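Worksheet for the structure shown next.
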Amino acid sequence: MDQGRRISFLTCPVLGMVWRIIKSDLGANPVEFLQHATGDWTLWFLVFTLGITPFRNLFKLPDLIRFRRMLGLFAFFYVCLHFITCLGPDQSFDVAAMWKDVAKRPFITVGFAAFVLLIPLATTSTAGWIRRLGGKRWQLLHRSIYLAAVCGFIHYYWLVKSDVRKPLFYGALAAILLIWRLGTWFSKRGSAVSMKLSSQRAPANPSE
Ligand code: HEM
C-alpha cells in the first residue's frame, strides 16, 4: 500500500465523523458522541502502534515497521481532535477553565498526562530527530508511549461509571503488549549479560 492510500485508509474514522456531522446524525448528545468517538480511536491507534513490533516479530513481517510511525501520528491526531472536542464545547475554549478541570477531575488529569506524553513523541517522529537525538536516546524517549497507553487506560477506566468491560478489554490488550515488550527486553538483556560474562571468563590465551 502506498503512502497516500495508507493515509486515506487511516482517515476513514474522521471522515465517518464528518459525514455524520453533515447528516446531523450524532444522536441526542453530539458533543458526547464526538468525545467518545475520538477517545475510542485514540486508544485503538495507540494499541495498533504498540502491536506493530510483536506482530512483526511473531509473523516475520519486517515491512510492517513502515506503518508504526504513521499509526503513532494518527493516535496523536485523534487525541488532538479529542482534546478539541473537550476543550471547545465543554469549556468554550477557555484555557483557565480547562486547567481547573485538569486539576479537579482525576480522570481528566491522567488523560491530559497521556496527551502531554504524546506531544514529544509526535514532534520527534522524523528521521532528522532520530539523527539529532541518537538511536538509543530516541528509543528511550519513545518508550513513553507505553506510559501514555497506561494513562489512557486509567483515564477511560475512571470515567466509566458502570460497565467497565470496554476499558478492561483495552487494558488487557495494552497489558499483553507491555508484558511482551518487557519479556523481550529482559531476554535480550539477559543474553547480553551472559555473553559479557562468558567473554570475561574466557582466557585471553587459550593455552593458559
Ligand atoms: C491519550 C490520551 C487520551 C485517551 C486515550 C482518551 C480516551 C478516552 C476514551 C476512550 C473516552 C471514552 C470513550 C467512550 O466512552 O467510548 C474518553 C472520554 C473523555 N475524555 Fe479522553 N482520552 C485522552 C485524553 C483526554 C484529554 C487530554 C482530555 C481533556 C483535557 C480528555 C477528556 C475526556 C472527556 C471529557 C471524556 C468524556 C467523559 C464523559 O463521557 O463523561 N481526554 N477519553
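We number each residue from 1, following the sequence as shown. Remember, it's a predicted structure, so these values are computed and weren't measured experimentally. Ligands are counted one by one from 1 in listed order, and the atoms in each one are counted from 1 as well.
The protein heavy atom nearest to atom 1 (C) of ligand 1 is A114 CB, 3.4 Å. Protein heavy atom closest to atom 5 (C) of ligand 1, with residue, atom name and distance, is L43 CD2, 3.3 Å. Shortest contact from atom 41 (O) of ligand 1 to any protein heavy atom: K161 NZ, 3.9 Å. Y156 CE1, 3.7 Å is the protein heavy atom nearest to atom 12 (C) of ligand 1. Looking only at heavy atoms of the protein, atom 3 (C) of ligand 1 is closest to V79 CG2, 3.9 Å. Protein heavy atom at the shortest distance from atom 18 (C) of ligand 1 is L159 CD2, 3.4 Å. Closest protein heavy atom to atom 15 (O) of ligand 1: H36 ND1, 3.2 Å.
Among the atoms of H155, some N or O lies under 3.5 angstrom from an N or O of ligand 1. Every N/O-N/O distance between Q35 and ligand 1 stays at or above 3.5 Å.
Y146 is not connected to I176 by any chain of hydrophobic side-chain contacts under 4.5 Å among Ile, Leu, Val, Met, Phe, Trp and Tyr, and they are in different clusters.
The part of H82 lying near ligand 1 is the side chain, judged by heavy-atom distances below 4.0 Å. With a 4.0 Å cut-off on non-hydrogen atoms, D40 touches ligand 1 through its backbone as well as its side chain.
The aromatic rings of F76 and F115 sit parallel to each other, their planes meeting at less than 30°, with 60° as the upper class boundary. A tilted orientation is assigned to the rings of F45 and W41, their planes being inclined by 30° to 60°. In this pair, F112 and F83 present their aromatic rings tilted. The plane angle is within the 30 to 60° band.
Between the side chains of H142 and S125, no donor N or O sits under 3.5 Å from an acceptor N or O. Using modelled atom types, one finds no donor on one side chain facing an acceptor on the other under 3.5 Å when comparing R68 with T49.
Put simply, C86 stays out of reach of atom 21 (Fe) of ligand 1, with no N, O or S atom under 2.8 Å from it.
Residue K166 places a heavy atom under 4.0 Å from ligand 1.
Between K166 and D40 there is a salt bridge, since a side-chain N of the basic residue sits under 4.0 Å from a carboxylate O of the acidic one.
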